[in-house]
Amino acid sequence: KNQVEQSPQSLIILEGKNCTLQCNYTVSPFSNLRWYKQDTGRGPVSLTIMTFSENTKSNGRYTATLDADTKQSSLHITASQLSDSASYICVVLSGGSYIPTFGRGTSLIVHP
Amino acid sequence: NAGVTQTPKFQVLKTGQSMTLQCAQDMNHNSMYWYRQDPGMGLRLIYYSASEGTTDKGEVPNGYNVSRLNKREFSLRLESAAPSQTSVYFCASSEATRSTYEQYFGPGTRLTVT
C-alpha cells in the first residue's frame with residue numbers, strides 16, 4: 001500500500017530560526033512529490049514539486065530535497081517568519097495512478 | 001480570477017438530512033476532485049472527475065455521490081448524512097490528473113453532522 005509518513009508531527013520554533021521537515025514514502029512507481037502549505041482555515045497551496053531527476057529545488061526561503069534511492073524528502077525553511085506558521089503536507093504521486101497519496105502533515109508554529 | 005470556490009463555507013446537518021456541496025473553478029481545468037480532511041488524518045480522496053462527463057471513486061466514496069455538471073462545476077452530495085461525515089471538505093482542480101500538474105484547492109466547507 002502506498003504510504004507517506006511525515007515527521008515531526010508538530011514543531012515549535014522561534015522566529016528567525018531554521019527548521020527541517022521530513023517526508024518518507026513507499027509510493028511506487030514514483031512520479032513526483034509536492035510540498036503544500038496549508039494555513040489554518042484555508043486550502044493547501046503548492047510550494048514546490050520534485051520529480052525523479054531533481055535533488056534540490058528552492059522557492060524563496062523554502063528548499064526541498066529529494067533522495068529517490070532512500071525515498072525521502074525534506075523541506076528546509078530558512079529564517080522563519082510568523083507567517084510560516086501552518087501545516088506542511090507532503091504529497092506523492094505514483095506513476096501509474098491518478099490518485100496522489102497525502103501525508104498527515106507537520107504542524108509548524110513560529111513564535112516571536 | 002477567483003480560482004476554486006466552494007459553497008457553503010459552514011453547514012450543520014442533523015443525522016439523515018441531505019445536502020449538496022458546490023464547487024466551481026474558473027481556470028479552465030479538466031480535472032476536479034473532492035477530498036475530506038479529518039483531524040490527524042491526511043487529505044483523503046472521495047471522488048474525482050478526470051474530465052467533463054466522467055467521475056470515479058476515490059479512497060472513501062461510501063455515503064457520497066458526485067455530479068460533474070459542466071467543465072466548471074463539480075458537486076458533492078450527501079444523501080443521508082451521518083456523524084462520521086463530520087469533516088472539512090475540500091474541492092480541488094488541475095489541468096490533468098497525472099504528470100506534474102498542480103492541484104488548486106478551494107477554501108473548504110466545514111460540515112458538522114449531529
Side-chain angles (χ1 to χ4, degrees), chain A residues 1-10 21 23-27 29-54 57 59 64 66 68 73 86-107, chain B residues 2-10 21 23-25 27 29-51 54-61 87-111:
Chain A
K1 180 181 177 182
N2 290 334
Q3 287 189 314
V4 175
E5 300 288 339
Q6 293 187 242
S7 62
Q9 186 174 347
S10 61
L21 314 180
C23 174
N24 297 337
Y25 61 92
T26 60
V27 177
F30 176 84
S31 175
N32 62 71
L33 181 150
R34 281 190 184 271
W35 283 94
Y36 282 84
K37 179 187 180 189
Q38 184 176 19
D39 292 314
T40 301
R42 309 286 293 270
V45 176
S46 179
L47 289 173
T48 185
I49 180 173
M50 307 290 290
T51 57
F52 187 85
S53 60
E54 296 173 307
K57 184 176 285 187
N59 177 3
L66 176 67
S73 176
S87 179
Y88 292 85
I89 304 171
C90 177
V91 183
V92 182
L93 184 64
S94 167
S97 172
Y98 293 105
I99 302 174
T101 302
F102 285 76
R104 298 185 178 188
T106 292
S107 176
Chain B
V4 179
T5 58
Q6 293 183 234
T7 56
K9 286 186 168 54
F10 301 93
L21 282 63
C23 174
Q25 51 91 9
M27 296 174 283
H29 286 168
N30 288 318
S31 305
M32 299 185 72
Y33 314 77
W34 276 106
Y35 292 91
R36 61 177 289 173
Q37 186 175 40
D38 302 297
M41 303 282 290
L43 282 151
R44 292 183 292 170
L45 184 65
I46 304 171
Y47 272 93
Y48 67 100
S49 171
S51 60
T54 69
T55 60
D56 285 286
K57 295 179 181 179
E59 182 184 355
V60 288
S87 188
V88 181
Y89 291 85
F90 289 99
C91 177
S93 70
S94 69
E95 288 186 21
T97 50
R98 289 194 288 183
S99 186
T100 61
Y101 291 121
E102 178 181 349
Q103 288 190 338
Y104 293 82
F105 287 83
T109 293
R110 283 143 189 82
L111 175 66

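So you know, we letter chains A, B, ... as the sequences are listed, proteins then strands, and number each from 1. This is a predicted model, so every value here is computed, not measured.
Put simply, the side chain of B:Q103 does not reach to within 4.5 Å of the side chain of A:P44, judged on heavy atoms. Between A:F102 and B:E59, every side-chain heavy-atom pair lies at or beyond the 4.5 Å cut-off.
Without hydrogens or angle criteria, A:R104 side chain to B:P39 main chain gives no donor-acceptor distance under 3.5 Å.
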Test side-chain contact (heavy atoms from CB on, under 4.5 Å) applied to A:R42 and B:F90, step by step: CA-CA 9 Å; A:R42 309 286 293 270; B:F90 289 99; over 6 Å; no

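Using a 4.5 Å cut-off between heavy atoms, B:Y35 contacts chain A through its side chain alone, with no backbone atom that close. For chain B, the nearby part of A:Q38 is the side chain; its heavy atoms alone come within less than 4.5 Å. Looking at B:Q6, there are no atoms closer than 4.5 Å to chain A (heavy atoms on both sides), in backbone or side chain.
Rounding to the nearest 0.5 angstrom, the gap separating the OG1 atom in A:T101 from the CG atom in B:L43 is 12.0 Å.
Ranked by heavy-atom pairs under 4.5 Å with chain A, the first of B:C91, B:G106, B:G40, B:G108 is B:G40.
Environment of CZ in B:R44: crowded, with over 12 heavy atoms of neighbouring residues, nucleotides or ligands closer than 6.0 Å.
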